[in-house]
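Here is the structure we will look at, set down as structure tokens.
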Amino acid sequence: MIALVDCDNFYVSCERAFAPRLEGLPVGVLSNNDGCVVARSRELKALGVAMGAPLHLLPPAIRRQAVLLSSNYALYGDMSRRVNQVLAEFSPDVEMYSIDESFIGFAGFDTAGLEAHCHRLRDTVCRWTGIPVGVGLAPTRVLAKVANHLAKQQSAYEGVCRLEADSAVTRHVLERLPVVELWGVARRTGERLALMGIDTAWQLRQADPGRIRRAFSVVLERLVWELRGHPAIDLDDLAEPRRCILVSRSFGRLTGEPGDLQAAVRQHAARAAEKLRRQGSLARAVQVFLRTSPFQVGEPQYRNSVVVPLAGPTTDSRDLFEAAGRGLAAIFRDGYRYQKCGVMLLDLVDDRARQLSLLEESRSEAERDRSQRLMATVDRLNREMGRDTVRFGLPGKDNAWALRCERRTSRYTTRWDELMRVKIG
DNA sequence: TCTGGGGTCCTAGGACCC
DNA sequence: TCTGGGGTCCTAGGACCC
């Protein structure tokens with residue numbers, strides 16, 4: 001059996017864990033730039049605020065009533081780690097799927113006692129971290145997702161719902177579940193399934209897997225098997241490094257200044273380089289992209305991207321800056337107001353296992369050594385003394401590209417100074 | 001004035017080869 | 001004038017996830 005543990009309204013729950021006064025109030029957490037609502041408390045959902053609703057389009061009455069906070073990813077990341085530490089007490093097989101969801105394998109456990117085990121798990125997470133979670137228990141990941149949904153929806157389950165592969169309950173549930181609410185089926189696929197007369201999860205389960213594969217893809221075929229109770233989806237091995245690294249941001253306000261674009265691309269390249277070194281990979285290409293705002297109807301629109309190959313696999317921020325800068329110069333056009341740009345590192349190879357061919361090697365041994373020591377020092381200083389302690393000639397704050405986040409709460413769990421500020425204030 | 005960010009996987013189709 | 005067939009590799013873009 002597999003359990004899916006999913007935190008209730010995770011970002012909101014993190015905020016509440018440190019500010020009990022938020023309990024019972026309509027609370028929302030905003031995306032970067034305070035753009036959209038990306039997490040909602042039960043009370044805010046009840047007010048009719050949709051997931052992803054733009055802040056500036058919310059009715060004034062709701063804006064007055066609700067507590068809307070900027071996102072505080074340092075806090076959420078740390079809380080996520082704590083939740084997973086508790087989960088590890090209940091099974092050696094914990095796969096973190098996203099910041100607020102983890103799958104837990106229970107191979108070898110006594111299946112009769114699993115529900116009680118999951119109730120203890122849920123109580124312990126809540127007691128130790130303050131985060132409420134729901135648990136779905138089933139033979140496959142897709143069914144565990146469905147079970148998790150039920151656990152949260154129907155209070156009778158008290159947060160833990162178990163679904164068997166073949167039972168009257170499972171059939172009853174799947175017959176009433178629109179197919180687009182399944183994990184892995186969204187609008188596009190839903191529309192095409194509807195043309196085949198498949199509207200519910202149960203109808204998809206009954207469909208011929210071969211036919212589904214031919215009409216769609218192996219992805220959807222696997223879903224059919226999972227619905228029938230045959231595991232067909234493996235999660236990525238967590239030890240696997242990322243295959244690409246992306247850093248992108250919207251601008252605080254639209255800008256057509258080449259200097260703004262250059263500074264932002266540099267900043268994103270610097271963050272991407274840190275991520276790259278943290279996971280111990282080297283990049284062989286850099287992609288740069290930019291775009292205007294699709295929401296500005298009537299304004300001229302432009303979007304473009306370019307891939308710049310690197311002379312050899314590298315982790316050196318200076319190489320990445322240089323390539324990103326060339327990429328930007330190639331696609332930048334005057335006369336547009338840009339909304340967003342980003343830098344992606346591609347073609348990553350493992351630092352330890354790399355095989356440098358003579359052709360790929362563009363630096364001498366000594367140069368490479370110096371570069372690695374320099375980058376390690378930069379990363380260490382930034383880690384220990386705070387982000388941006390050491391930068392590569394970047395300008396300061398207050399640019400068009402600086403983020404807006406006016407409503408952020410303190411980083412309680414990772415910044416002593418901010419914790420103190422709360423207590424004194 | 002203001003509409004998020006970071007990923008993965010898969011497929012179609014082009015280029016190229018024999 | 002006729003104008004194959006099959007294979008591989010790569011990339012762009014679609015679809016989806018949280």
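What's counted below: heavy atoms across the whole structure, side chains too, no hydrogens, waters or symmetry copies.
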Whole angstrom value for the distance that separates [atom2] of [N] from [atom1] of [X]:
| X | N | atom1 | atom2 | answer |
| --- | --- | --- | --- | --- |
| A:Arg291 | B:dT3 | CZ | P | 10 Å |
| A:Leu220 | B:dC9 | CG | P | 17 Å |
| A:Leu346 | C:dC10 | CG | P | 15 Å |
| A:Arg253 | B:dT1 | CZ | P | 12 Å |
| A:Glu181 | C:dC16 | CD | C1' | 16 Å |
| A:Gln287 | C:dC10 | CD | C1' | 15 Å |
| A:Trp183 | C:dC18 | CH2 | C1' | 11 Å |
| A:Arg249 | B:dT3 | CZ | P | 15 Å |

### Basic-acidic side-chain contact under 4.0 Å: A:Glu43, A:Arg16
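Yes, charged N to carboxylate O under 4.0 Å.
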
### Query
If you measure from the Lys or Arg side-chain nitrogens to the Asp or Glu carboxylate oxygens, is any gap between A:Glu95 and A:Arg141 under 4.0 Å?
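Yes, this pair counts.
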
Candidates [options] - which lies nearest the side chain of [X]:
| X | options | result |
| --- | --- | --- |
| A:Leu246 | B:dG4, B:dG6, B:dT8 | B:dG6 |
| A:Val247 | C:dC18, B:dG6, B:dT3 | B:dG6 |
| A:Ser217 | B:dC10, B:dT3, B:dG5 | B:dC10 |
| A:Leu254 | B:dC2, B:dG4, C:dC18 | B:dC2 |
| A:Cys36 | B:dT3, C:dC17, C:dC18 | B:dT3 |

### Task
Would you please classify the geometry between the A:His117 ring and the A:Phe106 ring as parallel, tilted or perpendicular, with 30° and 60° separating the classes?
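A:Phe106 and A:His117: perpendicular rings.
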
### Task
Hey, can you tell me if A:Tyr11 and A:Tyr73 have their rings parallel, tilted or perpendicular (30° and 60° cut-offs)?
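Ring orientation, 0 to 90° scale: perpendicular.
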
For a quick check of understanding: with a heavy-atom distance under 4.0 Å over all strands, which category does [X] fall into, base, sugar-phosphate or nothing?
| X | result |
| --- | --- |
| A:Thr189 | sugar-phosphate |
| A:Gln296 | sugar-phosphate |
| A:Val218 | sugar-phosphate |
| A:Arg213 | nothing |
| A:Ile245 | sugar-phosphate |
| A:Leu182 | sugar-phosphate |

Tell me whether the side-chain N/O atoms of [X] come closer than 4.0 Å to OP1 or OP2 in [N].
| X | N | value |
| --- | --- | --- |
| A:Lys145 | C:dC17 | no |
| A:Arg188 | C:dA15 | yes |
| A:Gln339 | B:dG4 | yes |
| A:Ser248 | B:dG6 | yes |
| A:Lys275 | B:dG5 | no |
| A:Arg222 | B:dC9 | no |
| A:Ser250 | B:dG5 | yes |

### Message
I need the minimum non-hydrogen distance between A:Cys244 and A:Leu346, along with the two atoms involved.
### Response
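That closest heavy-atom pairing would be CB-CD2, 4.1 Å.
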
### Nearest heavy-atom neighbours spanning A:Ala285 and A:Val307
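Looks like CB-CG1, 4.0 Å.
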
### Of A:Arg243 and A:Tyr11, the one whose closest DNA chain B nucleotide lies more 5'
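Checking each residue's closest nucleotide, the 5'-ward one belongs to A:Tyr11.
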
### Query
Expressed in whole Å, how much space separates the P atoms belonging to B:dT3 and C:dC18?
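About 25 Å, rounded to a whole number of Å.
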
### Task
Using both distances under 3.5 Å as the test, list the Watson-Crick or G-U wobble partner of C:dA12, or none.
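Check on C:dA12: paired to B:dT11, both distances under 3.5 Å.
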
#### Entry: Centroid-centroid distance, A:Phe103 to A:Trp183, less than 6.0 Å
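Yes: the rings meet the under 6.0 Å criterion.
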
